[in-house]
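These numbers come from the heavy atoms of this one structure, side chains and all, not from hydrogens, waters or symmetry mates. All figures in this text were calculated on a predicted structure; none of them were measured in a lab.
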Amino acid sequence: MDEKLLEHLNKQINKEMYSAYLYFAMSNYFININMEGFAKVVKEQAKEELNHARKIYNYLVARNEQVVLYAIEAPDTNWINPIDTIKNALAHEQFITSQFNELFELSRNLKDYATEVFLQWFIKEQVEEEDKFRTLLEKMENIDNCDCEIMHIDRNLKIDEEYIE
Ligand code: OFO
C-alpha cells in the first residue's frame, strides 16, 4: 500500500478512537445532568466508533500492513447545554465525513481499488450518523431549548429500543 494512504488510514483509527472518547465524555455529561436517554444514545455511538476503529485495524492486518497506534487526545468537554452537545456531535460527524471523503479520493487517485471499496461502507455509514444527530438536533431546536420538553425527548430516547445499553 502507498505510504501516505497507510499513514492516513492509521490516523483514521486514531480519529475513530477519539470519536469513542468524545461520545463517552458526552454520555458522562448527560448522566451528570440526569438525562439518561441522551446518555444512552451517545454511549451506543461510542460503541459504534470502537467498531469502526476495529474495522480499519482488521483491514490493515488483512492487507499485511503495519498498524500504528497514536495517542488519543482528551476531548474538550465544555458543553453549555444538551443542544450544544448534540450540535458538537453533528459537527464532529461532518468532520469525520470529510476525512473519509479525502481517504476515498486518495485511494482512487492511487488506484488502490481494494481500499476504495473498503471505504464505501464508511461513506454510507456517515450519511446515517449525520442524519441521526441532525434529526435529534432539529427536534431539540424546534422546542426552543425548553427544559421540560428536552426532558420529554430524553424520556422517549430512554425507552427507544434502537439504542441498547
Ligand atoms: Fe462517527 O463514524 Fe466513525 O467516526
In terms of hydrophobic clustering (I, L, V, M, F, W, Y; side-chain heavy atoms under 4.5 Å; direct or indirect links), are [X] and [Y] co-clustered?
X: V68; Y: L6; result: no
X: M1; Y: V61; result: yes
X: L5; Y: V67; result: yes
X: M151; Y: V42; result: yes
X: F95; Y: L103; result: yes

Please report the C-alpha distance between E44 and K40 in whole Å, then the side-chain angles of each, then the deciding distance to 0.1 Å, and finally whether the salt bridge (charged side-chain N to carboxylate O under 4.0 Å, His left out) criterion is met. CA-CA 6 Å; E44 178 63 21; K40 191 171 80 161; over 6 Å; no
On a heavy-atom basis, which atom in [X] and which in [Y] lie closest, and how many Å separate them?
X: H92; Y: S19; value: NE2-OG, 2.8 Å
X: N34; Y: D154; value: O-OD2, 4.1 Å
X: L119; Y: S107; value: CD1-OG, 3.7 Å
X: A39; Y: S27; value: O-OG, 3.1 Å
X: Y70; Y: K11; value: CE1-CG, 3.7 Å
X: L9; Y: I56; value: O-CG2, 3.7 Å

Does a side-chain heavy-atom distance below 4.5 Å link [X] with [Y]?
X: N51; Y: K47; value: no
X: I86; Y: F30; value: yes
X: M35; Y: I153; value: no
X: E141; Y: K87; value: yes
X: Y113; Y: K111; value: yes
X: L69; Y: M17; value: no
X: Q45; Y: K132; value: yes

Which residues satisfy the side-chain hydrogen bond (donor to acceptor under 3.5 Å, both in side chains) test with T115, sequence neighbours excluded?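 Only Y59, R63, D112 meet the side-chain hydrogen bond (donor to acceptor under 3.5 Å, both in side chains) criterion with T115.
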[X] (side chain) donor-acceptor with [Y] (main chain) under 3.5 angstrom:
X: E49; Y: Y23; value: no
X: Q126; Y: Q94; value: no
X: H8; Y: K4; value: yes
X: N10; Y: L60; value: no

Which value, rounded to the nearest 0.5 Å, describes the distance between [X] atom [atom1] and [Y] atom [atom2]?
X: L157; Y: H152; atom1: CG; atom2: NE2; answer: 10.0 Å
X: L90; Y: L137; atom1: CG; atom2: CG; answer: 6.5 Å
X: T85; Y: N78; atom1: OG1; atom2: CG; answer: 10.5 Å
X: Q66; Y: E7; atom1: CD; atom2: CD; answer: 13.5 Å
X: M26; Y: F38; atom1: CE; atom2: CZ; answer: 12.0 Å
X: Y29; Y: N32; atom1: OH; atom2: CG; answer: 9.5 Å

Over 12 foreign heavy atoms within 6.0 Å of CZ, F104: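 Counting other residues, nucleotides and ligands, CZ of F104 exceeds 12 neighbours.
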Side chain to side chain contact (heavy atoms under 4.5 Å, CB included) between E73 and N14, intermediate numbers included: CA-CA 9 Å; E73 198 185 321; N14 182 268; over 6 Å; no
List the steps and the verdict of side chain to side chain contact (heavy atoms under 4.5 Å, CB included) for F122 and K55. CA-CA 10 Å; F122 288 92; K55 267 182 191 286; 3.8 Å; yes
Fit a plane to each ring of H52 and W121, take the angle between them on a 0 to 90° scale, and name the class: parallel (under 30°), tilted (30 to 60°) or perpendicular (over 60°).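 Plane angle over 60°, so perpendicular.
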What pairs meet the salt bridge (Lys or Arg N to Asp or Glu O under 4.0 Å) rule with one or both residues in residues 114-131, with sequence neighbours excluded?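 For residues 114-131: R108-E116, E130-R134.
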